[in-house]
Amino acid sequence: MSPGAIVLIVVAVLLLIVLLSSCYVVPQQQAYIIERFGKFKKVTFAGIHLKIPFVDKIAMKTNMRVSQLNVKIETKTLDNVFVEIVASTQYRVNAADVAKAYYELRDPAGQLRAYMEDALRSAIPMLTLDDAFAKKDSVAADVQQTVGAEMARFGFTVVKTLITSIDPSPAVKAAMDSINAAQREKEATRQRAEAQRIQIETQAAAEAEKVRLQGEGQANYRREIATGIVDQIKSLQAVGMDIAEVNNVVLFNQYLDVLRSLSDSPNGKTVVLPASTPGGYRDLYEQMTSAMLTSQESIATPMPPASPAPRAPRV
């Protein structure tokens, strides 16, 4: 091979190397920072690009996709309960601020972590434990706004911040479970007492209604008996009997009814009655009328005035 051919081959290889080193491809969702002699030149995005070999260089390959950072801190609530907070934040580099994000912030994840911890330690101590659980979304939104404003100065956007866990100590968890169990037992006791009260009121109302109906039944029963006796007296008087004979007949019928009820009663006991009937009834009738007349005469006769006490003789 002649020396001229060798030179041509060497030149061709050098040209190929220069051509290959001057072309570069940027993948999708990435940005390359190009420096010329150590100074920022431009930012190139997805596609094929050219650069001056040995003059321009790729200083940084920046990922434009969303990244996530998890932060775990321990802090104290307003009611002096120590809790462990786990928060997650998603962030990305702004397309227009790729150079700023690279040249002004050396450790984006570390800086973002510091801002997150500071914001959480400022927000959680202002809330009680119950409020921290109830308002964690509001706390996350406030933290996102605060941290997002700080990171925007360096070309980053905070997409979303979430508080994924609020974990008190085991002793606090046990105390909270005991409080919840006591509250549920209190509510169950109140419900049972209310049900018992309703049952008692319903039973009392039923008993009152039963007594009222029994009273009405007894009253109607006695009213019908009295009506029957009056009708019986009128019918006896209509056939020419005087009032004494009528009373005798009525009392005798009642006497027989009492004997019948005593004999039919399952709780009846031995009763001693006069052997002769109606002679025994006659004696009973005379005793009853005599007792009634005696009581009437004692009521009608006034009591004699008490005699004055005798005076003692003078000495």
Side-chain angles (χ1 to χ4, degrees), residues 24-35 40-49 51 57-170 172-173 176:
Y24 64 96
V25 177
V26 179
Q28 186 68 32
Q29 291 296 327
Q30 286 194 10
Y32 285 6
I33 296 176
I34 306 301
E35 292 181 349
F40 170 73
K41 175 63 177 177
K42 61 181 178 179
V43 177
T44 57
F45 296 94
I48 186 169
H49 302 275
K51 63 182 180 67
K57 72 172 184 176
I58 300 174
M60 182 63 185
K61 299 177 180 180
T62 302
N63 194 336
M64 302 298 294
R65 291 179 292 181
V66 176
S67 301
Q68 176 168 310
L69 177 68
N70 297 324
V71 178
K72 180 186 293 186
I73 65 167
E74 185 179 13
T75 185
K76 185 177 70 171
T77 61
L78 185 62
D79 47 353
N80 297 322
V81 177
F82 282 91
V83 293
E84 186 178 78
I85 307 295
V86 178
S88 298
T89 184
Q90 292 86 33
Y91 66 98
R92 66 188 302 172
V93 178
N94 294 329
D97 298 323
V98 175
K100 182 189 293 186
Y102 173 68
Y103 288 106
E104 294 191 11
L105 198 59
R106 180 178 180 84
D107 185 9
Q111 190 66 41
L112 181 59
R113 182 185 301 275
Y115 284 143
M116 288 284 295
E117 292 176 354
D118 181 71
L120 288 171
R121 286 196 173 97
S122 299
I124 297 299
M126 302 299 294
L127 302 173
T128 62
L129 181 60
D130 293 337
D131 290 339
F133 279 102
K135 300 179 179 179
K136 67 182 186 67
D137 293 336
S138 299
V139 173
D142 294 340
V143 171
Q144 177 180 343
Q145 182 178 1
T146 302
V147 175
E150 294 294 333
M151 294 298 293
R153 298 188 296 111
F154 303 105
F156 288 87
T157 298
V158 177
V159 179
K160 187 68 176 179
T161 299
L162 302 172
I163 296 178
T164 58
S165 175
I166 300 177
D167 193 13
S169 63
V172 175
K173 288 182 180 179
M176 292 175 65

Compare all side-chain heavy atoms of [X] with those of [Y] and state whether any distance is below 4.5 angstrom.
X: Phe133; Y: Leu129; answer: yes
X: Val43; Y: Tyr102; answer: no
X: Pro27; Y: Tyr32; answer: yes

Quick check: closest heavy atoms across [X] and [Y], and the distance to 0.1 Å?
X: Phe156; Y: Leu105; answer: CE1-CD2, 3.7 Å
X: Gly155; Y: Ala101; answer: O-CB, 4.4 Å
X: Ile166; Y: Ala132; answer: CD1-O, 3.3 Å
X: Ala95; Y: Phe45; answer: O-CZ, 3.5 Å
X: Glu117; Y: Val71; answer: CG-CG1, 3.6 Å
X: Val83; Y: Pro168; answer: CG1-CA, 4.0 Å

Which residue pairs satisfy the salt bridge (charged side-chain N to carboxylate O under 4.0 Å, His left out) criterion with at least one member in residues 134-155, sequence neighbours excluded?
Glu150-Arg153

Looking at [atom1] of [X] and [atom2] of [Y], how far apart are the two atoms once the value is rounded to the nearest 0.5 Å?
X: Phe82; Y: Ile124; atom1: CZ; atom2: CD1; result: 13.5 Å
X: Asp131; Y: Ser138; atom1: CG; atom2: OG; result: 10.5 Å
X: Thr89; Y: Gln68; atom1: OG1; atom2: CD; result: 8.0 Å
X: Thr161; Y: Gln145; atom1: OG1; atom2: CD; result: 11.0 Å
X: Leu69; Y: Gln90; atom1: CG; atom2: CD; result: 9.5 Å
X: Met151; Y: Gln111; atom1: CE; atom2: CD; result: 6.5 Å

I would like to know whether Leu120 and Ile163 meet side-chain contact (heavy atoms from CB on, under 4.5 Å); could you show each step before the answer?
CA-CA 10 Å; Leu120 288 171; Ile163 296 178; 4.2 Å; yes

For Leu127 and Leu78: C-alpha separation, side-chain torsions, deciding distance, then whether side-chain contact (heavy atoms from CB on, under 4.5 Å) applies.
CA-CA 5 Å; Leu127 302 173; Leu78 185 62; 5.7 Å; no

Would you sort out whether Val86 and Asp167 count as a side-chain contact (heavy atoms from CB on, under 4.5 Å), showing the intermediate values?
CA-CA 8 Å; Val86 178; Asp167 193 13; over 6 Å; no

Has the side chain of [X] got a donor or acceptor atom that lies under 3.5 Å from a matching backbone atom of [Y]?
X: Arg92; Y: Met64; value: yes
X: Asn94; Y: Ala96; value: no
X: Gln144; Y: Val159; value: yes
X: Arg121; Y: Lys76; value: no

Where does the angle between the aromatic ring planes of Tyr103 and Phe40 fall among parallel (under 30°), tilted (30 to 60°) and perpendicular (over 60°)?
perpendicular

Stepwise side chain to side chain donor-acceptor pair (under 3.5 Å) test for Thr77 and Asp79
CA-CA 5 Å; Thr77 61; Asp79 47 353; 2.5 Å; yes

Look at atom NZ of Lys160 and say whether more than 12 heavy atoms of other residues, nucleotides or ligands are closer to it than 6.0 Å.
no

The side chain to side chain contact (heavy atoms under 4.5 Å, CB included) partners of Arg106 (sequence neighbours excluded) come to none

Just do the side-chain contact (heavy atoms from CB on, under 4.5 Å) check on Ile33 and Ile58 with the steps written out, would you?
CA-CA 6 Å; Ile33 296 176; Ile58 300 174; over 6 Å; no

